[in-house]
Protein chains: 2
Amino acid sequence: MERRRGAELEAVLLDAAWAELMESGYAQLTMESVAARAQTGKQVLYRRWRNRAELVIASMRHHAGSIVENVPDTGSLRGDVLGVLQQMADRFTQLGPDTIHGLMAEAPDLDPEVYSRMTGVMAAIVKRAAERGEIATADVPVVVLTAPTNLMRHEIFFSHSPVPSSTVTALVDDVFLPLVGFSRET
Amino acid sequence: MERRRGAELEAVLLDAAWAELMESGYAQLTMESVAARAQTGKQVLYRRWRNRAELVIASMRHHAGSIVENVPDTGSLRGDVLGVLQQMADRFTQLGPDTIHGLMAEAPDLDPEVYSRMTGVMAAIVKRAAERGEIATADVPVVVLTAPTNLMRHEIFFSHSPVPSSTVTALVDDVFLPLVGFSRET
DNA sequence: CGCGTAAGAGACGTCACGTCTCTAAGGAGA
DNA sequence: TCTCCTTAGAGACGTGACGTCTCTTACGCG
């Protein structure tokens with residue numbers, strides 16, 4: 001019997017967790033079920049992660065890169081913001097609300113850094129827009145900068161169904177753009 | 001031994017659940033602990049609520065009335081919106097994030113109605129403001145109407161500490177009022 | 001005054017948790 | 001090539017809470 005080790009084994013574990021998550025959802029995912037799917041023992045999991053939440057978070061990170069490394073650059077402010085929000089929507093509707101809520105409940109110390117990340121992304125987008133002259137200034141209150149991503153996150157968390165794209169465009173056109181003094185033409 | 005019944009007993013149960021929630025938090029609250037505190041058996045709880053989440057929600061409703069029944073009327077748009085947001089903040093910082101997240105995770109069908117409720121509250125406030133002439137029109141996109149309360153809810157859920165009042169005022173002054181075309185004087 | 005509903009109490013089976021223990025694989029070093 | 005040491009693979013184990021069931025007994029209703 002080939003015995004897996006190190007990084008190879010770890011990848012198998014994370015894949016097993018991801019598969020379990022996609023197939024049965026967070027509530028059904030147990031350390032036992034992941035171990036069984038990976039054809040190993042629970043101890044192998046507990047050696048690496050302290051609990052279910054950490055395992056699942058690691059598996060999410062393993063499975064998909066971060067939005068931060070993939071900031072859209074469409075050439076227009078509107079396009080960029082839509083791109084970011086759409087990425088968030090896609091990312092999380094894949095998971096479903098029960099995973100999100102479960103994780104929140106079990107991982108009290110889920111990086112606050114994760115949330116502030118989006119602030120940086122939005123700041124970059126706004127800066128570019130200002131340089132292009134689309135808007136007057138990149139000097140925008142933080143609360144405005146984070147409004148679209150926060151509202152998006154709110155939708156994701158509280159709507160029990162995938163976020164419709166009409167909501168995404170409304171967030172951009174009726175909330176964000178007006179706030180940064182972007183006058184709509186068309 | 002006096003045997004409690006009906007509404008009297010129910011109140012005792014809800015109070016016990018609330019006390020347990022305040023004292024130990026949602027994670028520590030078990031059907032057993034509530035039953036013990038109320039000096040009764042688990043069956044009495046299960047006869048009324050299907051699970052922990054339903055019990056806790058009932059206990060929250062029992063303990064504090066709804067914001068809807070208490071819409072602020074300060075005479076100014078700004079004051080009214082601040083009032084609503086502050087009520088939300090107070091309400092939920094009392095509970096703590098673990099209760100919120102726990103409930104979300106365990107009560108998948110937590111009334112969507114609960115969220116849309118706030119839309120009505122905000123609509124009423126805006127309507128009054130329009131009638132007073134503070135703003136040009138009460139015809140505001142839903143996404144704008146719900147922006148402040150949704151952002152507030154977002155803060156409550158994701159900040160692990162009480163929401164500072166500076167955030168509350170920023171939401172009103174930098175996001176909501178500009179969106180409804182309220183020009184700040186001072 | 002007798003009946004029926006539900007309170008009070010707790011036993012019970014189940015499930016997943018997280019810990020522990022044991023055997024054996026297979027890489028590193030001599 | 002042999003030995004040692006880490007750790008994979010497997011599963012037993014104790015614990016805690018769940019939600020169900022059962023039993024006795026209080027008490028409101030007719």
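Just so we're on the same page: letters track the sequence lines, and every chain starts at 1.
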Minimum-distance nucleotide (side-chain atoms of A:Val44 versus C:dA7, D:dG9, C:dG18) = D:dG9
Please determine if A:Arg153 forms a cation-pi arrangement with A:Phe92, meaning its NZ or CZ atom is less than 6.0 Å from the six-membered ring centre and no more than 45° off the ring axis.
-> no
So, is A:Arg3 close to the C:dT23 phosphate, meaning a side-chain N or O under 4.0 Å from OP1 or OP2?
-> no
Distance test, side-chain N/O of B:Arg4 to OP1/OP2 of D:dG28, below 4.0 Å | no
Regarding the side chain of A:Arg52, the nearest nucleotide among C:dG8, C:dA7, C:dC17 is C:dC17
Please state whether the base of D:dT7 and the side chain of A:Arg47 form at least one donor-acceptor pair under 3.5 Å?
-> no
Candidates D:dA10, D:dG9, C:dA9 - which lies nearest the side chain of A:Gln39 = D:dA10
Residue pairs passing the ring-ring contact (aromatic ring centres under 6.0 Å, His included) test where at least one lies in residues 120-159 of chain A, sequence neighbours excluded | A:His101-A:Phe157, A:His154-A:Phe158, A:Phe157-B:Phe158, A:Phe158-B:Tyr115, A:Phe158-B:Phe157
Are B:Arg37 and B:Asp15 close enough for a salt bridge, meaning some N to O gap below 4.0 Å?
-> no
Salt bridge between B:Glu54 and B:Arg50, side-chain N to carboxylate O under 4.0 Å?
-> yes
D:dT6 phosphate, OP1 or OP2, under 4.0 Å from A:Arg5 side-chain N/O | no
Main-chain N/O of A:Thr74 paired with A:Asp80 side-chain donor or acceptor, under 3.5 Å | yes
Test applied, salt bridge (Lys or Arg N to Asp or Glu O under 4.0 Å); reference residue, A:Glu10; option that passes from A:Arg4, A:Arg47, A:Arg48 = A:Arg48
Decide yes or no, distance alone: a donor-acceptor N/O pair under 3.5 angstrom between the base of C:dG18 and the side-chain of A:Lys42.
-> yes
Residues of residues 24-37 of chain A with any non-hydrogen atom less than 4.0 angstrom from an atom of DNA chain C: list those, numerically ordered, please.
-> A:Thr30, A:Met31, A:Glu32
For C:dG8, does either OP1 or OP2 sit under 4.0 Å from a side-chain N or O belonging to B:Thr40?
-> yes
